[in-house]
Amino acid sequence: AQSVAQPEDQVNVAEGNPLTVKCTYSVSGNPYLFWYVQYPNRGLQFLLKYITGDNLVKGSYGFEAEFNKSQTSFHLKKPSALVSDSALYFCAVRDKGGAGGGNKLTFGTGTQLKVEL
Amino acid sequence: EAEVAQSPRYKITEKSQAVAFWCDPISGHATLYWYRQILGQGPELLVQFQDESVVDDSQLPKDRFSAERLKGVDSTLKIQPAELGDSAMYLCASSSRGTGYGEQFFGPGTRLTVL
């Protein structure tokens, strides 16, 4: 079965510094990977996805993620953090072989990002 | 910008009572999902619809949960009877038939508290 691991419950970073939120995955075959962000009492917002092609994927709000097949990782990054980036971030992997046409997402447990002045 | 609508946003109920949640997906989206998110965890898929048909309900506790999407548009998720362990955020999401790579759009969720 596919799975996603987010090893850090919380990441703290100063505004203006680069940030990294870690994600590793386990799938059979080629992975389809996603990052979502959740603000308090809100639903999830799509940030970016990796399907194929360039290992560096650019997404919304200045975020990017680097796909590393050998390390089975898909870390989320941003060159310069903002206080407004403080939120809960989820990594997810798509199930290609499951019911429902292979469109089921399996999410990690989430990483709380806190950006301080 | 089109959004997924959910109601109510918050629901408090006593155990053994019945509760229902409503979701209206983005217009034209054929696929609709219901997820449950327990505090401190990631969302977990409960049921997936393609138009009006259920295509995955393997994680839906069918003894107490039911879901329907009668006309292939909006959907209702029901719990009867509610249990203390059902306290969670219930998220609805939708995707268009063409986005086969899993990009899903989420509503704001319904936070359920069972007392």
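When reading the values below, keep in mind they use all heavy atoms of this one structure, side chains included, and skip hydrogens, waters and symmetry mates.
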All heavy atoms of A/F46 vs all of B/Q104, minimum pair found to be CB-O, 4.5 Å
Check whether any side-chain heavy atom of A/L44 sits under 4.5 Å from a side-chain heavy atom of B/Y35, and report yes or no. no
Neighbour count >12 (heavy atoms, 6.0 Å) for atom NZ, A/K69: no
With a 6.0 Å cut-off (strictly less than), is the heavy-atom count around CD1 of B/I38, excluding the residue itself, greater than 12? yes
Among B/G109, B/P43, B/P108, B/G107, which residue has the highest count of heavy-atom pairs closer than 4.5 Å to chain A? B/P43
Heavy-atom side-chain proximity of A/Y36 to B/F106 below 4.5 angstrom: yes
Is the CD atom of B/E14 crowded by more than 12 outside heavy atoms at less than 6.0 Å? no
Is it the backbone or the side chain of B/Q37 that comes under 4.5 Å from a heavy atom of chain A, or both, or neither? side chain
Take atom OH in A/Y61; do more than 12 heavy atoms of anything else shown fall under 6.0 Å from it? no
Does atom CG of B/D63 have more than 12 heavy-atom neighbours from other groups under 6.0 Å away? yes
Taking atom CG of B/L84 as the centre, does the number of heavy atoms from other residues, nucleotides or ligands within less than 6.0 Å exceed 12? yes
Would you say that A/F90 contacts B/Q41 through its side chain, given a criterion of any heavy-atom pair below 4.5 Å between the two side chains? no
Please flag which part of A/Q6 lies under 4.5 Å from any non-hydrogen atom of chain B: side chain, backbone, both or neither. neither
Output the distance between atom CZ (A/R42) and atom CG (B/L91), rounded to the nearest 0.5 Å. 12.0 Å
